[in-house]
Amino acid sequence: MKTKVSAGFPLGKVAYFVTSNVHKFQEARQVLSEYRLATAKLKVEAVEIQDDSLENIAKYSALDAVKNCGLPVLVEDAGLFVDSLKGFPGPYSKYVYNTVGLKGILKLMKNIENRSAYFKSVVAFVTPEEDPICFVGKVEGKIFLQEKGTSGFGYDPIFEPHEGDGRTFAEMTTEEKNVLSHRGKALRKFAEWYSGAGKRRF
Ligand code: IMP
């Protein structure tokens with residue numbers, strides 16, 4: 001099994017983040033740096049199952065990744081849940097993004113008044129010796145009427161967080177998105193735990 005590690009920046013403690021998504025990696029690196037944690041992007045095989053629960057998807061991937069590399073790893077899984085679509089696409093966000101995309105979601109939402117939606121992120125941490133532990137973050141917002149902004153990735157151009165100033169995530173810098181985002185919240189919970197007293201051994 002080939003394992004490729006590219007380091008974030010060299011600080012004391014390292015979090016090995018299994019992802020092929022460079023945007024997710026940049027977001028994680030920025031959040032974890034606030035806790036003086038370095039982030040390494042780990043390229044290792046990690047199966048992504050289809051399941052109704054983001055927790056199950058993240059845990060399963062993390063267990064598979066740790067089996068393949070033998071390191072303590074972080075895996076993250078996220079989804080967009082649209083209220084008027086009964087939580088769709090939710091755990092199927094990736095498939096929906098890759099098939100009908102933003103235009104498909106906007107079409108489904110045409111003439112729908114209730115545009116409330118939320119993003120959820122589950123960060124799973126697992127070591128070769130211990131069971132996975134999950135950290136969850138959520139951000140409430142609404143689906144904008146059209147695509148707006150060019151930063152970020154995925155559904156960012158159509159998601160406007162309630163606690164923001166009217167911009168979509170795609171109109172924000174990584175730092176601004178991280179303050180409000182599902183991933184920022186989940187990663188901060190992880191970072192507090194990981195850099196805390198209970199986990200000095202990692
Ligand atoms: P996954 O976590 O990579 O499985 O993401 C599922 C789908 O949601 C993918 O299509 C991503 O592009 C999208 N997605 C995940 N996180 C975000 C985000 O922070 N902003 C926008 N889209 C996201």
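Numbering of ligands and ligand atoms starts at 1, following listing order. All values below come from the heavy atoms of this structure, side chains included, with hydrogens, waters and symmetry mates left out. Residue numbers run from 1 in the order of the sequence given.
A search for side chain to side chain contact (heavy atoms under 4.5 Å, CB included) contacts involving Val47 returns Ile49, Tyr60, Asp64, not counting sequence neighbours.
Checked by atom type, the side-chain pair Asn21/Thr19 shows no donor-acceptor distance below 3.5 Å.
The immediate protein surroundings of ligand 1, defined as residues with any heavy atom under 4.0 Å of it, consist of Lys24, Glu48, Asp77, Ala78, Ser93, Lys94, Tyr97, Phe119, Phe153, Gly154, Tyr155, Asp156, Lys177, His182, Arg183.
With respect to Lys120 and Glu55, a salt bridge is recorded, a charged nitrogen being found less than 4.0 Å from a carboxylate O.
How far CZ of Phe153 is from NZ of Lys24: 6.0 Å, rounded to the nearest 0.5 Å.
Applying the salt bridge (Lys or Arg N to Asp or Glu O under 4.0 Å) rule to pairs touching residues 103-115 yields Lys103-Glu147, sequence neighbours excluded. The stretch residues 171-183 participates, sequence neighbours left out, in these salt bridge (Lys or Arg N to Asp or Glu O under 4.0 Å) pairs: Glu27-Lys177, Glu27-Arg183, Glu76-Arg183, Lys148-Glu171, Asp156-Lys177, Arg167-Glu176.
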